[in-house]
Amino acid sequence: MFDTALTAADFAFLAKGAGVTILVTLVSVLAGTVLGILFGVFRYQVGPVLAAPLTFVLDIFRSIPLLIQLVLANAFLGTILRLNISGFAVACIILSLYTAAFCAEIVRGGIEAVPATTRRAARSLGMTWGQDMREIVLPLATRVALPSWIGLALGVMKDSALVYIVQVTELLKSTQILITRLQEPLLLLMICGAFYFVISFPLARFGGYLEKRWSND
Amino acid sequence: MFNYTFQWKQALARLPQMLDGALVTMQIAILSMAIGILLAVLLTMFRLSGLRLLSAIARTWVEIARNTPALFQIYMAHFGLGSFGLHLSPFASILLGITFNNAGYLTENFRGALKAIPETQTRAARSLGFGQGGAFRYIVLPQMLRIAFLPMTNQMVWAILMTSLGVTVGMNSDLYGVTQDLNALTFRTFELFALAAVIFYLITKVITLGARLIAARLFRY
């Protein structure tokens with residue numbers, strides 16, 4: 001049962017796939033978070049009516065399968081606009097917007113959790129809007145938003161398994177290529193699953209810990 | 001730069017086939033949710049049972065479901081079980097994969113919902129003569145399902161979006177699979193998938209709105 005044709009070169013191939021998974025995730029989470037914060041603050045600031053178009057667009061990213069988003073973006077950028085764009089770039093663009101759509105929601109929730117009276121007090125002490133945002137809202141909203149944000153980042157890592165559709169060979173795709181060659185699905189899938197689990201589980205636990213610790217006071 | 005002729009008619013001509021696919025998608029999502037809820041209630045009972053083996057099973061299930069990609073779980077159901085000689089059809093694989101995922105996430109939702117139900121209620125029920133099972137069945141469970149109703153709606157939307165992953169194990173009768181087959185025939189990639197996206201969007205909206213109406217009716221007191 002433990003005989004395997006898996007070689008060191010195959011491991012290197014898997015490691016490369018894992019590297020791509022991590023890279024796509026990092027780029028998308030970073031870009032998506034920056035965008036998400038901008039969108040979230042904007043939505044909170046201008047109110048539900050004026051922000052309706054943005055809300056609608058962001059909602060689309062959350063209501064359509066990621067696979068279809070990737071295929072559509074690929075077809076739109078590559079076939080229709082005829083841009084010479086790599087699959088990796090398409091994957092990062094779509095995953096960033098996807099992250100931003102969820103992040104905006106988290107940010108808005110975080111800002112709304114800051115009591116209006118606290119903010120009014122800050123403003124009446126002479127703080128500007130920027131100071132109020134930086135010194136009062138940011139620390140308080142982070143407490144509410146960070147656990148959800150960790151969950152979002154991990155979700156994006158797991159969803160990055162779908163970028164194979166735009167010809168990006170990330171971890172799960174590398175695993176599948178090896179499965180086709182070695183015909184040992186169980187072993188290879190276990191290795192792949194273990195990789196995701198080892199990254200995701202401790203961080204998810206940490207998020208849960210933060211949530212518990214920060215919720216009492 | 002922009003010399004592409006959209007052929008929406010070609011895509012719209014295939015709408016009936018895609019709507020048939022949407023029905024299969026709905027079928028998978030509803031089945032996986034129904035079985036997933038039953039399994040999640042069972043796993044919640046495992047967690048509450050106080051028996052170490054049962055709660056370990058529940059914990060392992062939840063952690064694997066939540067910490068690995070859904071696509072990985074579907075591969076496991078299809079290729080992983082295949083190496084045990086258990087060859088599932090694409091439909092069964094996708095159903096099993098999504099159900100596993102749903103059950104894990106829903107168990108976690110139920111855990112959150114249980115926190116909102118005061119311990120004293122169980123004790124009150126027990127002192128009124130309910131058995132351990134009866135107290136859970138008649139007192140805790142209905143409140144838990146009610147509190148977890150919104151997360152359950154979200155999970156249903158996820159289940160629908162996840163059915164698109166069936167294509168990776170050779171499923172071609174669901175909405176995504178149908179669209180992909182049509183794409184191989186016509187090469188109108190953008191038009192076909194845009195239409196599929198609209199259908200997916202409408203389905204998720206109908207479900208979210210429907211759930212809100214049901215919630216308003218069921219939980220009006």
Side-chain angles (χ1 to χ4, degrees), chain A residues 1 21 59-83 151 154-155 157-162 164-165 170-173 175-176 179-180 183-190 192-205 208 211, chain B residues 1-6 25 62-64 66-84 101 108 112 154 157-158 160-168 175-176 179-180 183 187-205 207-208:
Chain A
M1 181 189 172
T21 290
D59 188 47
I60 288 177
F61 281 96
R62 291 183 284 135
S63 311
I64 291 173
L66 191 55
L67 224 43
I68 291 190
Q69 294 180 30
L70 288 163
V71 172
L72 279 179
N74 205 26
F76 184 73
L77 296 171
T79 318
I80 299 180
L81 296 184
R82 298 196 185 260
L83 298 177
L154 293 176
M157 184 186 79
K158 285 178 274 166
D159 287 338
S160 76
L162 306 188
Y164 79 90
I165 200 95
E170 42 65 64
L171 179 58
L172 201 54
K173 181 66 185 174
T175 311
Q176 215 202 357
I179 289 176
T180 314
Q183 296 298 320
E184 292 176 45
L186 199 59
L187 175 73
L188 289 163
L189 280 174
M190 292 283 216
C192 167
F195 176 82
Y196 282 107
F197 193 84
V198 162
I199 293 188
S200 176
F201 182 68
L203 284 171
R205 270 296 167 88
E211 196 166 9
Chain B
M1 181 171 149
F2 198 89
N3 54 356
Y4 182 89
T5 326
F6 286 99
T25 283
V62 171
E63 295 305 346
I64 292 179
R66 284 166 48 90
N67 288 309
T68 57
L71 187 56
F72 164 80
Q73 291 158 23
I74 293 163
Y75 276 174
M76 261 322 217
H78 196 68
F79 303 112
L81 289 182
S83 47
F84 290 112
N101 190 282
E108 191 65 9
N154 287 338
V157 171
W158 277 110
I160 286 173
L161 301 189
M162 272 192 283
T163 58
S164 62
L165 304 181
V167 74
T168 56
L175 180 49
Y176 191 95
T179 314
Q180 203 180 46
N183 182 34
F187 284 103
R188 309 312 314 182
T189 313
F190 187 81
E191 292 87 338
L192 284 168
F193 279 99
L195 194 57
V198 171
I199 300 176
F200 267 112
Y201 182 78
L202 291 179
I203 294 177
T204 55
K205 279 304 122 198
I207 285 177
T208 343

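Within every chain, numbering begins at 1; the chains are lettered A, B, ... in the order of the sequence lines, protein sequences first and strands thereafter.
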Side chain, backbone, both or neither of A:F195 within contact of chain B (heavy atoms, under 4.5 Å): neither

Part of B:V198 lying under 4.5 Å from any heavy atom of chain A: neither

Check: A:S200 side chain, A:L154 main-chain N or O, donor-acceptor pair, under 3.5 Å: no

Residue part contacting chain B, namely of A:I199, when any heavy atom lies under 4.5 Å: neither

Selection from B:L165, B:T163, B:N183 maximising heavy-atom pairs under 4.5 Å formed with chain A: B:L165

Over all atoms of both residues, closest heavy-atom pair of B:A197 and A:L72: CB-CD1, 4.0 Å

Partner chain B: residue of A:I179, A:L172, A:L171 with the largest heavy-atom pair count (under 4.5 Å): A:L172

Heavy-atom donor-acceptor pair, B:Q73 side chain to B:T68 backbone, under 3.5 Å: yes

A:A204 versus chain B, the contacting section by heavy-atom distance below 4.5 Å: side chain

Proximity of B:F193 and B:Y176 rings by center, below 6.0 Å: yes

Heavy-atom contact with chain B under 4.5 Å, split by part of A:Q176: side chain

Top contributor to chain B contacts, counting heavy-atom pairs under 4.5 Å, from A:D159, A:L66, A:L162, A:I165: A:L162

Greatest number of heavy atom pairs closer than 4.5 Å to chain B - which of A:G193, A:G151, A:A194, A:A161: A:G193

B:T204 side, atom OG1; B:I199 side, atom CD1 - distance, nearest 0.5 Å: 12.0 Å

For A:I64 against B:L161, the heavy-atom pair lying closest together: C-CD2, 3.9 Å

Side chain / backbone / both / neither for A:R205 at chain B, heavy atoms under 4.5 Å: side chain

A:T79 vs B:T189, side-chain contact (heavy atoms from CB on, under 4.5 Å): CA-CA, chis, key distance, verdict: CA-CA 9 Å; A:T79 318; B:T189 313; over 6 Å; no

